[in-house]
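Residue numbers begin at 1 in each chain, while the letters A, B, ... track the order of the sequences. Just the heavy atoms: all of them, side chains too, but no hydrogens, waters or symmetry mates, feed the values below.
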Amino acid sequence: MSPNRDSQAKVTLEDLLRLKRCERPPAEFWARFERELRQKQLAALVVRQSWWQRRPRVLRGMARLHLPLGATAVLALTLFTLHYYEPVDPHVAMSDRGDEALAPASVELANPVAARDSDRAVASGHALASAAEASSAQVAEADSSAAVPAPTAAASSAGSRPWLDGAAGEVRQPLTPSARYIAANLAAAEAAEPELVSATLGPTRGFQARVIPVRTEVMNNLTAPVPGRAMRNNRLASYQGADSGYLPDPALSTSGRERLSRYLSDTALNESISRLGLRGDSLSFKF
Amino acid sequence: MNLSKAITKTLVASPERQQEADSDWVVVQRVQAGDVAAFDALIKKYRERVYAVIYHMTSNREDAADLAQDTFIKAFQSINRFQGQASFFTWLYRIAVNSALTHLRKNRLRTFFSFDQLHEEDKTAEFIDVLTDKNGADRATFVNELQEKLNEALQKLSIIHRTVVTLFEIDGLSHQEIAEIMNCSVGTVRSRLHYAKQQLQSELQPYLRA
C-alpha cells in the first residue's frame, strides 16, 4: 500500500522515526523481564570467580600501573641479563662439565685405558731399564729420547681433543654415552697404534690443514719458475718457427714466449683448479 | 567530586540530566556501600530506555530483552568500578550499546525481526492519519507496513550509523552524550548522523512529503 499522496501535510524523516518511539512491549513483558533478570542476577552472584579474577584489594589500585610496571620489569630483566652474560668458551665448558660428570660407571670405561696407559708407561720403563743394563749409557739415552715423544704426541693430540687432558692422555668424562664410547675407543686405539692415530687424528687435520698445503703448492707454481716452463717455451718457439717459417726478433720472441707460456700456465692452473673439488670439508682430485 | 567529574558534568547537556546524574550517583554510592536492593531502583528507572535502545538497534524484541538483562547484570557486577566520572546513565548506555554491537557483529548473518506493538500517541496519530486515507480498515494495515519499512530502512544502515540514529532521533540523546557513549568525537557523531539520515531519506522517500 502506498501512502496518501493527496495530503498536503508535511511529513519529515524525524516524524517517521518518532514512530519508532511508540513501539513498546506490553505490560506483562516487564513482569517476565523482571523475573528473568532476578534469576540471572542470583546466578551471577552464585557463580564463583576464577582465581585470576579475584585480585586482592591492594592489586586493584595498581590496575592503572600495569603498563609502566610491565615495561620496568622487562627493562630490569634485560639489564640483569646483559650484566651477567658471559660468552662461554666451549672447550672450558666441556672440560668443566666433564669434571662434574665423572661418575663411577664411567670409571669402568676409563679404567682399562688408564691401566693400558700405565702398563705402557711401565713397559717403556722396563724397556728403558733393560736397555740401560744391556747397552751403554749412550744407547740408553737414545732410547729414552726416542721414548719421550710418545707422551708428548699424546699431549699434543689431547690438546686438539677436549675430552682428553694431560700428558698421559687421561680420559675426561664426555657429555653423552656415545661420546664416552668414542673417547674410550679412541684412547684404546691410541694406546695400540699411537703413530697411526697421531697421523690420522693429529693436530694437522681438518679442512684447512688439508687444503692449505695444496694451495701453497699451487701458489708456488704460479710465482716460482716451473722447471718445465723453459722447455715448453723452447718447444713453442721451435713449433712457431717450423710451421710458419717466421722467426721473430730474439728479444720480441722471448717476451712473446713468456706471455704465451704465462697464458698456458694460467690455462693449466684453471685445469688444475677444475680438477680440484672443494665441497664443505672434503677435498677431491680428478685425474 | 573531583575535577574531571566536574568537567564531564558540565559537558552533559541539560540541567535535568545533571540533576538526574546526581540522584543516580547517590543511589550508586548506596549500592557500592552494600545496599544491593538499591540497584532495583536503577533497574526500574532505566529498563525501558535500555531495552528501547537495544530493540531499535536489533529490531528483535527477544534479543533486546536478553541483552537488556545482560546489561543490568554487567552493570551490577562492575558497579564498584564506577567512579562517577560520567553519569550513571551514560555508563549504563555504553554497556548496553557495546553489548548490542557485540551481539550484532556476532550474528551479522542471522537476522530475525520481531516487532513490538505500536502504541500511538496523539502526535504520532495525527501524522499517521495524514499519511493514510483516514480509513479505519486501511489504517492498521498501513501502520504495519510503515513499521516494517522503517525497520527495514534502519537495518540497511551499518551498525554504527544505526546506533547513532537510534540514540539521537529515537532516544533523544545529545551529540555530546552520544560521543561519550560511542567513544568518539562530536564531529564524528554529526557526520555519521548526516550520512545515516541521507540513507534513510532515500529509503523512505515514498512516505515523505516535502
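For chain A, the nearby parts of B:Asp66 are the backbone and the side chain; heavy atoms of each come within less than 4.5 Å. With a threshold of 4.5 angstrom between heavy atoms, B:Ala68 approaches chain A through its backbone and through its side chain. The contact between B:Ala65 and chain A is made by backbone and side chain atoms together, counting heavy-atom distances below 4.5 Å. Heavy-atom distances place both the backbone and the side chain of B:Glu169 under 4.5 Å from chain A. Proximity to chain A (any heavy atom under 4.5 Å) is restricted, for B:Leu150, to the side chain, taken from C-beta onward.
Side-chain contact between A:Leu37 and B:Arg47: absent, with no pair of heavy atoms (C-beta onward) separated by less than 4.5 Å. For the pair B:His175 and B:Arg190, the minimum side-chain heavy-atom distance is below 4.5 Å.
Taking the six-membered ring where the residue is Trp, B:Phe76 and B:Phe39 present tilted rings, their angle falling between 30° and 60°. Using a 30° and 60° split on the angle between ring planes, B:Phe88 and B:Phe82 fall in the perpendicular class, above 60°.
A salt bridge does not link B:Glu203 to B:Lys149: none of the charged side-chain nitrogens sits closer than 4.0 Å to a carboxylate oxygen.
Of the listed residues (B:Ile43, B:Ile73, B:Asp171), the one with the most heavy-atom contacts under 4.5 Å to chain A is B:Ile73.
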